Amino acid sequence: MDSIKTELPDRLIEENLDIIVAKAADVPDEYISQVIENSRQPHVMKFEGHEDVDGRFKDLTAYKEWAAKDRIVYLLVTKEQKVGGIIWFGRKTSEHIDPSYNLTFGIRLYEGCVGKGLSKPFMRATHEDVKRFFPDGKLWLDFAKDNIAARRAYESFGYSILSESDDRVVMGWQGGK
């Protein structure tokens, strides 16, 4: 696994956190196990749990199937090598938005890192770095419409709404904040 190629934001340094990056398929099993376990935390389950615990992070086999696609993973780790968060990027389009948005993004912060103002600095570092893997990527994400905190965080980072349904919001990012 590699270290991130951009300078870490001060907020992450203050918390003694580091970011490591790898192709999703190359993440060591000990980190994958932590992501799988952390995906069952109540605050994660509230909004995206079904996609994680019943899908991509259900178990090691599910993770490896998910990771076999062209994905890059950034792990927010403590000095004790505990996973405090994950961000991933991967090539994917959606029928609900312009196909030029060709790179999906996901983020999860886990207990010990939630509520500390780490989302934006974690996103800033990874969004700058991911261009070395996907230089032509235009980012999009979707989330539960009732996840107001996520919406505020993404808007403050420079994401804008691309589409909305009764229960989901799709936002895109072309660079910025």
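Not measured: the values here are computed from a predicted model.
- Separating the CE atom in M45 from the CZ atom in R40 is a distance of 8.0 Å, to the nearest 0.5 Å.
- For residues 66-75, no pair satisfies salt bridge (Lys or Arg N to Asp or Glu O under 4.0 Å), with sequence neighbours left out.
- Annotation: side chain of F122 is in contact with side chain of I87 (closest heavy-atom distance under 4.5 Å).
- In this structure, D98 CG and K138 NZ are separated by 5.5 Å, a value rounded to the nearest 0.5 Å.
- Every residue two or more places apart in sequence or in another chain was checked for a side chain to side chain donor-acceptor pair (under 3.5 Å) with N16, and none qualifies.
- Using a 4.5 Å cut-off on side-chain heavy atoms (C-beta onward), I19 and L75 make no contact.
- Ion pairing of R124 with E128 is absent here, as no side-chain N (NZ or NE/NH1/NH2) approaches a carboxylate O to less than 4.0 Å.
- Side chain of Q41 to backbone of E111: a donor-acceptor contact under 3.5 angstrom is found.
- Listed by chain and number, the hydrophobic cluster partners of I97 are Y101, W140, L162, V170, where partners are ILVMFWY side chains within reach of under 4.5 Å, directly or through others.
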Donor-acceptor list for residues 58-66 side chains, cut-off 3.5 Å, not counting sequence neighbours:
{"from": "D59", "atom 1": "OD1", "to": "T61", "atom 2": "N", "distance (Å)": "3.2"}
{"from": "D59", "atom 1": "OD1", "to": "A62", "atom 2": "N", "distance (Å)": "2.8"}
{"from": "Y63", "atom 1": "OH", "to": "A24", "atom 2": "O", "distance (Å)": "2.7"}
{"from": "K64", "atom 1": "NZ", "to": "D29", "atom 2": "OD1", "distance (Å)": "3.2"}

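- A distance-only check finds no donor-acceptor pair linking the side chain of S33 to the backbone of E30 [under 3.5 Å].
- Salt bridge E164/R168: absent, no basic N to carboxylate O contact under 4.0 Å.
- S160 is linked by a side chain to side chain contact (heavy atoms under 4.5 Å, CB included) to nothing, counting only residues two or more places apart in sequence or in another chain.
- Proximity of I86 to Y74: side-chain heavy atoms (C-beta onward) are nowhere separated by under 4.5 Å.
- The backbone N or O of S156 sits less than 3.5 Å from a side-chain atom of K120, completing a donor-acceptor pair.
- Under the 6.0 Å cut-off for aromatic ring centres, F134 and W88 do not qualify, their centroids lying 6.0 Å or more apart.
- Between the side chain of K131 and the backbone N or O of H127 there is no donor-acceptor pair closer than 3.5 Å.
- The closest donor-acceptor contact from the side chain of N38 to the backbone of Q34 lies under 3.5 Å.
- Taking the centre of each ring, Y110 and H43 stay at or above the 6.0 Å mark.
- A tilted orientation is assigned to the rings of F143 and Y154, their planes being inclined by 30° to 60°.
- Listed by first and then second residue, the salt bridge (Lys or Arg N to Asp or Glu O under 4.0 Å) pairs involving residues 80-96 are R91-D136 (not counting sequence neighbours).
- Using a distance-only test at 3.5 Å, with no hydrogens or angles considered, a donor-acceptor pair links the side chain of W173 to the main chain of F157.
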